K.L.:
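Below are the structure tokens for one structure; questions will follow.
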Amino acid sequence: MNVPRWISPWALSRRGILGMNERNCGYILRYNQREKFPLVDNKLKTKLITRQAGLEAPKLLHVISNQTEIERIGDTLAEQDSFVIKPAQGSGGKGILVVTGRANDRFLKSSGAELKLIDIKRHLSNTLSGLHSLGGKPDVAIIETLIVGNPALAEHSYEGVPDIRLIVFQGYPVMGMLRLATRASDGKANLHQGAIGVGLNIDNGAGIAAVQYNRPVDHHPDTGTAITAIQVPQWMDLLTLASRCYEVTGLGYLGCDIVLDRERGPLLLELNARPGLSIQLANNAGLLPRLRLIESRPGFFQSVDERIAFARQHFGVVTASTSHA
């Protein structure tokens, strides 16, 4: 986490901020078995294990793994007006191509830009060659259905579909953040590019604080939305989806990225065994007290519902303007 200069070391300690070294040694290495990392580092493997477990996610349309399939991509996509192409081993949003519609023989992006079939083929070829993958390793391309964002959240974001990051420790959802695209982030929910991170009350999904470029903000710069006016719908469903990922992956310290689809509700986008730390700035709170509370328990609750109830009771933020979801 890049700590802003306006936060003193004393303030970091007082808030129980989890640093990178402690995260890596005390939580990732301790609670995440290395042999399980490929389950979340590879989006195709993630999709297969979560689908087998019955977790809701964007529908997998096709997997492109060789050049021969690229040559036939026109026929493969003949009946798809909209879709998303992702590298299976990409990170940070690299290599994701979103097609929102068609105009004759052209593919349309959300910005209105047009792509020819040759552009789609080139993008797929680059993906297979490892241009967008971690370490430049040869990769495969995943083609998924396009997510249509829930209007209740989409109105707060600039163009792009917002997503929710939940940190799950030993199956307990301990901290949440809504990522909203801005004009500065070019419609992408990427904090490093200027998106807004909104800290969420773990009890009910209400906005409690926010940062942009690691500095506090109280309104969205483009939509004008007040952060405290934000309320994530279907919050209990989101907590349940994230909490279930613990049993599915066996990873004790996990970042779960979820989107709210207009028709299908919460959908799991991807999982991360090394989730970033900026979520603490967005919440104006540290992870350490929450993690240590769970570690101090003599035993863990076994059911998802019990873990969620514990998290809501102990990690919820009491405010005058919010009530239980």
Side-chain angles (χ1 to χ4, degrees), residues 1 12-13 15-41 46 49-50 53 55 163-179 191 197-205 208-209 232 235-258 266 268-317:
M1 176 176 62
L12 291 175
S13 176
R15 295 179 189 178
I17 296 294
L18 177 67
M20 186 173 294
N21 289 340
E22 190 164 8
R23 180 203 65 172
N24 293 345
C25 299
Y27 292 95
I28 294 177
L29 292 178
R30 183 178 179 185
Y31 292 100
N32 292 350
Q33 298 177 32
R34 182 155 297 277
E35 62 266 23
K36 296 184 183 295
F37 277 47
L39 296 178
V40 296
D41 286 346
T46 302
I49 63 167
T50 54
L55 301 186
D163 68 7
I164 298 97
R165 159 67 60 86
L166 284 162
I167 300 295
V168 176
F169 178 55
Q170 297 292 73
Y172 294 78
V174 295
M175 191 170 284
M177 171 176 64
L178 173 68
R179 294 181 287 208
L191 299 187
V198 180
L200 298 173
N201 191 337
I202 209 71
D203 179 32
N204 54 28
I208 52 177
V232 177
W235 183 243
M236 285 299 296
D237 294 333
L238 281 155
L239 293 181
T240 300
L241 178 58
S243 184
R244 289 184 62 195
C245 291
Y246 169 59
E247 279 84 4
V248 173
T249 65
L251 292 167
Y253 189 78
L254 192 64
C256 304
D257 293 342
I258 300 171
L268 182 66
L269 267 187
E270 59 182 86
L271 299 171
N272 194 321
R274 314 167 192 80
L277 297 168
S278 295
I279 192 171
Q280 300 174 104
L281 298 179
N283 279 270
N284 195 27
L287 277 164
L288 272 177
R290 304 184 186 192
L291 300 175
R292 288 172 175 168
L293 177 61
I294 294 171
E295 287 180 307
S296 70
R297 295 187 54 76
F300 297 112
F301 290 130
Q302 296 302 307
S303 78
V304 171
D305 289 343
E306 288 175 311
R307 296 198 301 260
I308 290 174
F310 181 90
R312 294 181 70 199
Q313 177 185 354
H314 292 276
F315 308 141
V317 178

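Predicted model only: the values in this text are computed from it and were never measured. When a residue number appears, it is its place in the shown sequence, counting from 1.
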K.L.:
Is the shortest side-chain heavy-atom distance between Ile308 and Met236 below 4.5 Å?
P.N.:
yes
K.L.:
Can you name the side-chain hydrogen bond (donor to acceptor under 3.5 Å, both in side chains) partners of Asn284, sequence neighbours left out?
P.N.:
Arg15
K.L.:
Please round to the nearest 0.5 Å and tell me the distance separating atom CG of Leu287 and atom CG of Leu277.
P.N.:
7.0 Å
K.L.:
State the CG-CD1 distance between Leu239 and Ile202, to the nearest 0.5 angstrom.
P.N.:
5.5 Å
K.L.:
Does anything in residues 25-38 pair up under salt bridge (charged side-chain N to carboxylate O under 4.0 Å, His left out), and if so which pairs, sequence neighbours excluded?
P.N.:
Arg30-Glu295
K.L.:
Asp257: what forms a side-chain hydrogen bond (donor to acceptor under 3.5 Å, both in side chains) with it, not counting sequence neighbours?
P.N.:
Arg165, Arg179
K.L.:
Can you sort out the partners of Glu22 under side-chain hydrogen bond (donor to acceptor under 3.5 Å, both in side chains), two or more places apart, ordered by chain and number?
P.N.:
Arg292
K.L.:
Please report the interatomic distance OG1(Thr240) to CG(Leu238), rounded to the nearest 0.5 Å.
P.N.:
8.5 Å
K.L.:
Please answer whether the main-chain N or O of Ala273 pairs with a side-chain N or O of Asn32 as donor and acceptor at a distance below 3.5 Å.
P.N.:
yes
K.L.:
Using side chain to side chain donor-acceptor pair (under 3.5 Å) as the criterion, point out the one residue from Gln313, His314, Arg312 that pairs with Asp203.
P.N.:
Arg312
K.L.:
Quick one, Phe315 and Asn201 - any side-chain contact, counting heavy atoms below 4.5 Å?
P.N.:
no
K.L.:
Once you round to the nearest 0.5 Å, how far does CD1 of Ile294 lie from CZ of Arg297?
P.N.:
8.5 Å
K.L.:
So Tyr253 and Tyr27, would you call those rings parallel, tilted or perpendicular, with 30° and 60° as cut-offs?
P.N.:
tilted
K.L.:
Considering residues at least two apart in sequence or located in another chain, which fulfil the side-chain contact (heavy atoms from CB on, under 4.5 Å) criterion with Thr249?
P.N.:
Val40, Ile49, Leu251, Leu254, Leu271
K.L.:
Which heavy-atom pair separates Ile164 from Trp235 by the least distance, and what is that distance?
P.N.:
CG2-CZ3, 4.4 Å
K.L.:
Taking the ring centre of each residue, are Phe169 and Tyr246 less than 6.0 Å apart?
P.N.:
no
K.L.:
When rounded to the nearest 0.5 angstrom, what distance separates CG in Leu268 from CG in Asp163?
P.N.:
11.0 Å
K.L.:
Going by salt bridge (charged side-chain N to carboxylate O under 4.0 Å, His left out), name the pairs with one or both residues in residues 235-252, residues two or more places apart or in two chains.
P.N.:
Glu247-Arg307
K.L.:
With sequence neighbours excluded, what pairs up with Ala285 under the side-chain contact (heavy atoms from CB on, under 4.5 Å) test?
P.N.:
Met175, Asn283, Arg290
K.L.:
List the residues meeting side-chain contact (heavy atoms from CB on, under 4.5 Å) with Asp305, not counting sequence neighbours, and say none if there are none.
P.N.:
Ser303
K.L.:
Could you state the interatomic distance from CD (Gln280) to CD1 (Ile17), rounded to the nearest 0.5 Å?
P.N.:
4.5 Å
K.L.:
Taking all non-hydrogen atoms of both residues, which atom of Met177 and which atom of Leu200 are closest, and how far apart?
P.N.:
C-CD1, 3.8 Å
K.L.:
Can a donor-acceptor pair be found, under 3.5 Å and without considering hydrogens, that links the side chain of Ser243 to the backbone of Tyr172?
P.N.:
no
K.L.:
Which heavy atom of Ala311 sits nearest a heavy atom of Pro173, and at what distance?
P.N.:
CB-O, 3.2 Å
K.L.:
Which heavy atom in Gly176 sits nearest to a heavy atom in Leu166, and how many Å separate them?
P.N.:
CA-CD2, 3.7 Å
K.L.:
Might you point out which heavy atoms bring Pro275 and Ile167 nearest each other, and give the distance in Å?
P.N.:
CB-CD1, 3.5 Å
K.L.:
Quick one: does Glu270's side chain get under 4.5 Å of Thr46's, heavy atoms only?
P.N.:
no
K.L.:
Restricting to side-chain contact (heavy atoms from CB on, under 4.5 Å), what partner residues turn up for Ala53, sequence neighbours left out?
P.N.:
Leu55, Val248
